[in-house]
Amino acid sequence: KLDVTNNTEDPANAIMIVASYNDGVLCGLSVSTDSVIEAGGTLTLEADAPQSETYKVMLWDGLGSMNKLMTKLTEEDIQE
């Protein structure tokens, strides 16, 4: 789960991708539902848990446009 806040004055699209890796090779991918976050609102995005100990959590504005909305999180960021 990832809580996402839209700090703009306009609705924003958001989709979370969890990519799992074994020895640097992609071994699993989980994608949340494509969602719209209202202006000033917060929404919880959900995707399946990582399938390995090495993973990245990414937040984009959509699969078609792929504009990132945050710096990726890794397992090291989440353990801190």
Side-chain angles (χ1 to χ4, degrees):
K1 293 182 181 182
L2 181 67
D3 292 330
V4 181
T5 300
N6 177 1
N7 293 321
T8 70
E9 296 179 4
D10 299 307
N13 294 331
I15 191 165
M16 177 176 61
I17 299 173
V18 179
S20 301
Y21 299 88
N22 278 331
D23 298 321
V25 176
L26 182 67
C27 66
L29 199 62
S30 177
V31 181
S32 73
T33 302
D34 197 357
S35 302
V36 175
I37 306 170
E38 295 302 321
T42 299
L43 184 69
T44 301
L45 298 176
E46 295 185 38
D48 291 337
Q51 300 173 7
S52 64
E53 292 183 17
T54 304
Y55 58 90
K56 295 176 185 175
V57 177
M58 297 164 278
L59 185 66
W60 303 92
D61 67 348
L63 293 178
S65 53
M66 297 292 289
N67 294 307
K68 70 178 181 177
L69 300 177
M70 70 172 202
T71 303
K72 71 179 179 296
L73 298 173
T74 67
E75 67 285 348
E76 295 168 354
D77 298 318
I78 294 172
Q79 291 176 0
E80 292 180 354

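- Between the CD atom in E76 and the OG1 atom in T54 there is a gap of 8.5 Å [rounded to 0.5 Å].
- Remark: the backbone N or O of Y55 is paired with a side-chain donor or acceptor of E75 at under 3.5 angstrom.
- In the hydrophobic clustering of this structure, V18 groups with L73; members are Ile, Leu, Val, Met, Phe, Trp, Tyr whose side-chain heavy atoms approach within less than 4.5 Å, directly or through other members.
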Listed pairs under 3.5 Å, donor-acceptor, residues 25-33 side chains, sequence neighbours left out:
unit_1	atom_1	unit_2	atom_2	d
S30	OG	D48	N	2.7
S32	OG	M16	N	2.8

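- Every side-chain hydrogen bond (donor to acceptor under 3.5 Å, both in side chains) that N67 has, sequence neighbours left out, goes to D61.
- Looking at heavy atoms from C-beta onward, L63 lies in side-chain contact with I17 at the 4.5 angstrom threshold.
- Once rounded to the nearest 0.5 Å, the distance linking CG of L69 with CH2 of W60 reads 9.0 Å.
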Give every donor-acceptor pair under 3.5 Å between a side-chain atom in residues 39-46 and any protein atom, sequence neighbours left out.
unit_1	atom_1	unit_2	atom_2	d
T42	OG1	T5	OG1	2.8
T44	OG1	D3	OD1	2.5

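- Across all non-hydrogen atoms, the minimal contact from A14 to I37 is CB-CD1, 3.8 Å.
- No single ILVMFWY cluster, assembled from side-chain heavy atoms under 4.5 Å apart, contains both L59 and I15.
- Linking ILVMFWY side-chain heavy atoms closer than 4.5 Å, directly or via other members, places V4 and V36 in two distinct hydrophobic clusters.
- Residue pairs meeting the side-chain hydrogen bond (donor to acceptor under 3.5 Å, both in side chains) criterion with at least one partner in residues 8-28, sequence neighbours excluded, are N6-T8.
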